[in-house]
2 protein chains.
Amino acid sequence: MAGVDKSTVSRMLGGDKTLNIREETRQRISRAVAALGYRPNMAARSLRTARSFSLGITIASLDNPVYSAIIRGAEQGAADAGYSLLIAHMDEAAPDSRVYHRLVEQHRVDGLLVTTLRNEKEHLAALKELQAPFVLVNRKAKGVRNSVVVNDFGGAKAAVETLIRMGHRDIAHLSGNPSRYNARQRLLGYRAALEEAGIPFRPGLVVEADYTPDGGERAARVLMETQNRRFTAVFAVTLVAAAGALAAFHERGFSIPEDISVVGFHDSAVAELLYPPLTTVRVPLEEMGRFAAGALIDIIEGRRREITKTFSQVEVIERRSTAPLRAGSNLVARR
Amino acid sequence: MAGVDKSTVSRMLGGDKTLNIREETRQRISRAVAALGYRPNMAARSLRTARSFSLGITIASLDNPVYSAIIRGAEQGAADAGYSLLIAHMDEAAPDSRVYHRLVEQHRVDGLLVTTLRNEKEHLAALKELQAPFVLVNRKAKGVRNSVVVNDFGGAKAAVETLIRMGHRDIAHLSGNPSRYNARQRLLGYRAALEEAGIPFRPGLVVEADYTPDGGERAARVLMETQNRRFTAVFAVTLVAAAGALAAFHERGFSIPEDISVVGFHDSAVAELLYPPLTTVRVPLEEMGRFAAGALIDIIEGRRREITKTFSQVEVIERRSTAPLRAGSNLVARR
DNA sequence: CTGAAAGCGCTAACAT
DNA sequence: ATGTTAGCGCTTTCAG
């Protein structure tokens, strides 16, 4: 229709830098493309170039607002570069490293965003022999170069600093399993904030909670039993653990924030739903997802060899679960 | 390696029914496939068959547990049939019907699962001229044959019946926007339950809330102001609206469930996080997603022409936000 | 500055 | 009971 060979069209549409095309020819092609509503056939392009122009993202739980934020970002980052995002749900309970193979070996994806890493060793081995680039998102692992994370350490530190600024000194931490990178970082941030403020670390104030509401509830009970009211604030490793703790405190008749201030990690709409609305630490999850997708595409297309990045930004969103320590109105006064 | 033509391999692997192959040959092929780790190249297959073996799913908000459940199901349904699932996030605020074209015209997907339908008319028009099959999930629309939904009506009815069984008669409804199919159904279910129990419908007890916590909170305040305590239970159109209502009630000093019982629609982990944990109606969202994906694939592959299905199953999950009406312990007694 | 030709890996119609 | 053949629609040398 434009009176040119399809190869010329291909070069023009592909943005071939070496192509030296007459303006008039370009116009004719553009008009024909518009008139025909021409869209390149991705399958043919994939076959020819041996690339799928899709990324895969593995996630353990779609419910978790942390992952939905990451996905939202990743989808944007992919779309910006003309890629699609393919989700691969990987049950945290039964993680199966063959999922990677399915996606890659069928040439369905050119690279993987990995947010899951239970059985770290097995999965890393599977990923490495994969022959496709991958980047860890919100995770770090030994021997893996490509990794983008948020500032778990700084976020935890900021949370605890906020509590300290409110006058709290007896600050407990509902921690995560130390085998997890994020949990370790947050514990370190907690300790760093205490140390900088000259507050001695009391190991009894750190209780491990898993990532369920029940875990948070149990941990909060342990805290109340063993610490005999000698704490006025709690920094919880996740929002879910914080919610569980809130329930345990309510059950014991404590008022939040009058008796105990509570802060959780990761902001989301759910924080507004809790009672009281939960003060949280917000980190740029969506931005991280977007960036990770962009960086992975850079690696795929050879513009970059590796990527390590930490998004340092943290922000404490104060809601009604935290309040300044006031004598007579909290646990400290009662001991 | 197996000493046969690739077309034979193709037919065997593709499960060609007309193929009459010797057991010995089949063995040789199987061995070679295993030895070589052979995987069909999806791009070539797509080019040849003009199909992508992927489905697209459009969603407005990934955070919403309703959609994450649907996605989880859809991904399974797709995977079961060897398809992948491609997510297309479509901002509810700025829905863009071109997303459909992008996915379909680039031959990236063979069909669409549609959970978004703001600007119904425009979007339906875009979908219909698409030339690719689509099925509405958790939605119905006039003139669309393919649609799979859950039992919004029955779920709402069951919720209200549970309250009635607990002795409540003054039951309010925080409703959704009646332009939405789901909201309309739930309102109808509410009314049907009242009617069957011989309880007169009081229009003042129905207050429209949007789907935000704020909306639920505002609606609950309106209810308290206009109804002058003449209600003892609330059925909210969503979990989020219920959470907002809980906050409004707490703020006014009401105890839940002693003063007011609250039920929300759609169960999810978040229900456990609320205070008190929220009684909800559970409908089989994940199953619906899975089924919708399977049915869409059936349509794509010509085994079926259309699909309309309602998952009738509903279940009220009783948690601590509901309690039997007891004289002297609730609003009725106080009027 | 543009065209011609080859071929990516598969499937399906047609042969034997 | 299996092989032959002809493309699917693109990109990429290589020619002119």
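Heavy atoms only: backbone and side chains are in, while hydrogens, waters and symmetry mates are out. To find a chain, count down the sequence lines: A is the first, B the second, and so on, and within it residues start at 1.
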Colleague: For the ring pair A/F311 and A/F291, is the centre-to-centre distance below 6.0 Å?
Modeller: yes

Colleague: Quick check: does any side chain N or O of B/T308 sit under 3.5 Å from a backbone N or O of B/N146, one acting as donor and the other as acceptor?
Modeller: no

Colleague: With a 4.0 Å cut-off on N to O distance, would you call A/E286 and A/R290 a salt bridge?
Modeller: no

Colleague: For the side chain to side chain contact (heavy atoms under 4.5 Å, CB included) test, which of A/L113, A/D110, A/I57, A/V137 pairs with A/L296?
Modeller: A/L113

Colleague: Over how many whole Å does the gap from A/K6 atom NZ to C/dA4 atom C1' extend?
Modeller: 10 Å

Colleague: D/dT11, OP1 or OP2 - any side-chain N/O from A/R11 closer than 4.0 Å?
Modeller: no

Colleague: Nearest whole Å is fine: how far is C/dG9 P from A/R108 CZ?
Modeller: 18 Å

Colleague: Using whole Å, report how far CZ of B/R22 lies from P of D/dG3.
Modeller: 10 Å

Colleague: May I have the distance from A/E301 (atom CD) to D/dT11 (atom C1'), rounded to whole angstrom?
Modeller: 15 Å

Colleague: Tell me the interatomic distance from A/R28, atom CZ, to C/dG3, atom C1', rounded to whole angstroms.
Modeller: 13 Å

Colleague: Nearest 0.5 Å please: distance from the CG atom of A/D63 over to the CD1 atom of B/I71.
Modeller: 10.0 Å

Colleague: Of the nucleotides D/dG3, C/dA6, C/dT2, which has the atom closest to the B/T8 side chain?
Modeller: D/dG3

Colleague: In residues 38-56 of chain A, what residues come within less than 4.0 Å of DNA chain C, judged by heavy atoms?
Modeller: A/L47, A/R48

Colleague: Considering residues, nucleotides and ligands other than A/R303, do more than 12 of their heavy atoms fall under 6.0 Å from its CZ?
Modeller: yes

Colleague: Without decimals, in angstroms, what is the distance between B/D5 CG and C/dA15 C1'?
Modeller: 12 Å

Colleague: Atom CE of B/M12 and atom C1' of D/dA1: how far apart are they, to the nearest Å?
Modeller: 14 Å

Colleague: Is any N or O donor-acceptor pair between the side chain of B/S7 and the base of D/dT4 shorter than 3.5 Å?
Modeller: yes

Colleague: Show me the side-chain donor-acceptor pairs of residues 125-132 of chain A shorter than 3.5 Å, one per line, residues at least two apart or across chains.
Modeller:
{"from": "A/K128", "atom 1": "NZ", "to": "A/G143", "atom 2": "O", "distance (Å)": "3.3"}

Colleague: So, is A/S10 near the phosphate of D/dC10, with a side-chain N or O under 4.0 Å from OP1 or OP2?
Modeller: no

